[in-house]
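Hydrogens, waters and symmetry mates are skipped; everything else that's a heavy atom, side chains included, is used. Please read all numbers here as calculations on a predicted model, not as lab measurements. Note on naming: letters A, B, ... go to the chains in the order of the sequence lines (proteins, then strands), and numbering restarts at 1 for each one.
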Number of protein chains: 2
Amino acid sequence: MAQKTDLSKLNCSLAKALANIGDWWTLLIVRDAFLGATRFSEFQQSLGVARNILTTRLQGLVDAGIFERQGSPTRPHYILTKKGKALLPALLALMQWGDEWESERRPPMLVTDETGEAAQTVVATTRSGKPLTAANTRFTPGPGANKRTRAYLMLRAARKAAN
Amino acid sequence: MAQKTDLSKLNCSLAKALANIGDWWTLLIVRDAFLGATRFSEFQQSLGVARNILTTRLQGLVDAGIFERQGSPTRPHYILTKKGKALLPALLALMQWGDEWESERRPPMLVTDETGEAAQTVVATTRSGKPLTAANTRFTPGPGANKRTRAYLMLRAARKAAN
DNA sequence: CTGTATCCTTAAAGATACTG
DNA sequence: CAGTATCTTTAAGGATACAG
């Protein structure tokens with residue numbers, strides 16, 4: 001992307017996440033890895049992406065610690081690391097959102113566990129299990145918040161209260 | 001982005017989702033909306049994005065049905081629709097992934113409900129509540145799968161079994 | 001098979017001046 | 001305040017030939 005702004009510099013976990021996986025190909029490659037693809041050619045054929053682009057993405061994903069190169073250096077497997085596997089909830093949440101709102105509700109892909117039990121829709125809850133919604137969710141500065149973040153969240157909370 | 005490939009054409013819910021929100025700014029705008037921002041200027045100042053870019057993104061989000069323009073046409077509010085609000089789990093999952101793997105574990109932002117109860121980490125489970133992991137998750141063709149998707153998933157399953 | 005190396009095209013992003 | 005209109009820069013993406 002014509003990325004003039006460096007997202008990873010922002011004091012925001014979401015921005016940092018997007019700096020890693022915030023472009024089309026990257027998450028689709030990760031998806032294929034969850035499906036079991038490990039080879040350059042497997043990703044290439046599945047996605048129809050140009051080789052040089054795929055090279056860049058794979059390198060980026062390795063650098064980011066999402067993939068690990070394994071096996072023969074000339075014919076490596078790209079394997080999801082723990083960090084990469086940790087993307088599953090986000091990936092499924094996005095897939096389900098696409099199913100629900102962008103398809104005709106006939107999902108091209110069913111997600112189950114190995115026994116065939118269907119996946120539940122990914123939901124956000126509090127620790128006690130109460131559902132989080134746009135209405136009841138609150139964002140407050142955490143320990144890692146810098147001055148700017150802190151100020152912004154205070155401002156937002158104030159504005160929201162004023163409405 | 002220099003998007004030569006039209007993701008929305010792919011028979012894949014994830015690709016369709018990414019076609020909507022698959023670039024840096026878009027999801028950050030949505031995040032700000034969850035924080036309570038509604039004005040052009042609020043988004044603009046918060047993100048530091050160029051005006052023309054913001055215009056494009058907001059229009060895109062309105063076209064996608066994620067935002068709705070409300071109030072005075074000359075001074076509108078951009079409000080999350082149901083479809084937009086449905087992005088919360090995906091958004092939180094990405095934020096939490098960024099917290100966990102890209103920050104120094106000092107979250108810049110805490111997520112709670114209105115009573116102050118902390119959010120749980122977004123997880124993927126089966127309907128009975130069993131956790132889904134990269135290891136036990138299976139992907140099979142759904143009713144909306146076309147020939148290509150079907151063939152690909154079969155291939156992947158076969159390859160995976162062969163490993 | 002897994003890349004590298006080029007070259008080319010396009011469009012995304014940014015800056016900024018201007019308008020209702 | 002909320003954009004629109006230009007203009008420029010840059011880099012992402014694609015095609016393809018070649019290499020180990």
Colleague: Considering only dG14(D), dG14(C), dT2(C), which nucleotide approaches the side chain of Ile53(A) most closely?
Modeller: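 Looking only at heavy atoms from C-beta outward on Ile53(A), the closest nucleotide is dG14(D).
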Colleague: Starting from P on dG3(D), measure out to CZ on Phe67(B) and report it in whole angstrom.
Modeller: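 After rounding, the gap between these two atoms is 12 Å.
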Colleague: Holding to salt bridge (charged side-chain N to carboxylate O under 4.0 Å, His left out), I want the full list of residues that pass it with Arg105(A), two or more places apart in sequence or in another chain.
Modeller: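 Testing Arg105(A) for salt bridge (charged side-chain N to carboxylate O under 4.0 Å, His left out), a comparison that skips the adjacent residues, returns Glu100(A).
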Colleague: Treating Thr81(B) as the side-chain partner and Ile66(B) as the backbone partner, does any N or O pair qualify as donor plus acceptor under 3.5 Å?
Modeller: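 Yes: the side chain of Thr81(B) pairs with the backbone of Ile66(B).
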Colleague: What is the distance, to the nearest angstrom, from the CG atom on Leu54(A) to the P atom on dT16(D)?
Modeller: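 After rounding, the gap between these two atoms is 17 Å.
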Colleague: Need one value for Tyr78(B): base, sugar-phosphate or nothing, where a base atom within 4.0 Å counts as base even if backbone is also close, heavy atoms only.
Modeller: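 If one applies the 4.0 Å heavy-atom cut-off, Tyr78(B) turns out to touch the sugar-phosphate alone, with no base involved.
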Colleague: Looking at Ser41(A), I'd like to know whether one of its side-chain N or O atoms comes within less than 4.0 Å of OP1 or OP2 on dT2(C).
Modeller: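 Looking at the OP1 and OP2 atoms of dT2(C), one of them is under 4.0 Å from a side-chain N or O of Ser41(A).
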Colleague: If you measure from the Lys or Arg side-chain nitrogens to the Asp or Glu carboxylate oxygens, is any gap between Lys83(B) and Glu102(A) under 4.0 Å?
Modeller: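 Glu102(A) and Lys83(B): salt-bridged.
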Colleague: Roughly, in whole Å, what's the span from NE2 in His77(A) to C1' in dG3(C)?
Modeller: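 Atom-to-atom, His77(A) to dG3(C), this comes out as 16 Å.
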Colleague: Using the side-chain contact (heavy atoms from CB on, under 4.5 Å) rule, pick out the option among Leu58(B), Leu54(B), Ile53(B), Thr56(B) that qualifies with Trp25(B).
Modeller: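 Testing each of Leu58(B), Leu54(B), Ile53(B), Thr56(B) against Trp25(B), the sole residue satisfying side-chain contact (heavy atoms from CB on, under 4.5 Å) is Ile53(B).
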Colleague: Measuring to OP1 and OP2 of dG14(D), would you say a side-chain N or O of Arg57(A) lies under 4.0 angstrom away?
Modeller: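 No, because none of the side-chain N or O atoms of Arg57(A) sits under 4.0 Å from OP1 or OP2 of dG14(D).
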Colleague: Gln44(B) CD to dG14(C) P: how many Å, rounded?
Modeller: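 Whole-Å distance recorded here is 11 Å.
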Colleague: Can you measure Leu47(A) atom CG to dT2(C) atom C1' for me and round it to whole angstrom units?
Modeller: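 That distance rounds to 16 Å.
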Colleague: Just how far, in rounded Å, is P of dT19(C) from CZ of Phe40(B)?
Modeller: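 Rounding to the nearest Å, CZ of Phe40(B) and P of dT19(C) are 17 Å apart.
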Colleague: Pick base, sugar-phosphate or nothing for Thr55(A), based on heavy-atom distances below 4.0 Å to the nucleic acid.
Modeller: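 Thr55(A): base contact, heavy atoms under 4.0 Å.
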Colleague: Specify the separation, in whole Å, of atom CD of Glu42(B) and atom C1' of dG3(D).
Modeller: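 Checked: the CD to C1' distance equals 16 Å.
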Colleague: Which atom pairs link the protein and nucleotides 5-7 of chain C when you take only N or O atoms and keep those under 3.5 Å?
Modeller:
| unit_1 | atom_1 | unit_2 | atom_2 | d |
| --- | --- | --- | --- | --- |
| dT6(C) | O4 | Asn52(A) | ND2 | 3.2 |

Colleague: Is Lys130(A) atom NZ crowded by more than 12 heavy atoms from other residues, nucleotides or ligands, each under 6.0 Å away?
Modeller: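 Above 12, so yes.
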Colleague: Starting from P on dA11(C), measure out to CG on Asp23(B) and report it in whole angstrom.
Modeller: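 The answer, rounded to whole Å, is 15 Å.
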Colleague: Please work out if Gln59(A) contacts a base, only the sugar-phosphate, or nothing of the nucleic acid, heavy-atom cut-off 4.0 Å.
Modeller: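 Sugar-phosphate contact only - Gln59(A) comes under 4.0 Å of backbone atoms but never of a base.
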Colleague: Would you mind telling me which of dG14(D), dT2(C), dA2(D) lies closest to the side-chain atoms of Arg75(B)?
Modeller: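 For Arg75(B), the side-chain atoms sit closest to dA2(D).
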Colleague: Just to verify, what does Thr149(A) make a side chain to side chain donor-acceptor pair (under 3.5 Å) with, not counting sequence neighbours?
Modeller: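 Side chain to side chain donor-acceptor pair (under 3.5 Å) list for Thr149(A), sorted by chain: Asn11(A), Asn146(A).
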Colleague: For His77(A) and Arg39(A), which I'm curious about, is there any donor-acceptor pair between the side chains at under 3.5 Å?
Modeller: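 There is such a pair (donor and acceptor under 3.5 Å, judged by atom type) between the side chains of His77(A) and Arg39(A).
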Colleague: Just checking Gln45(B): base, sugar-phosphate only, or nothing, at a heavy-atom cut-off of under 4.0 Å?
Modeller: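 No contact.
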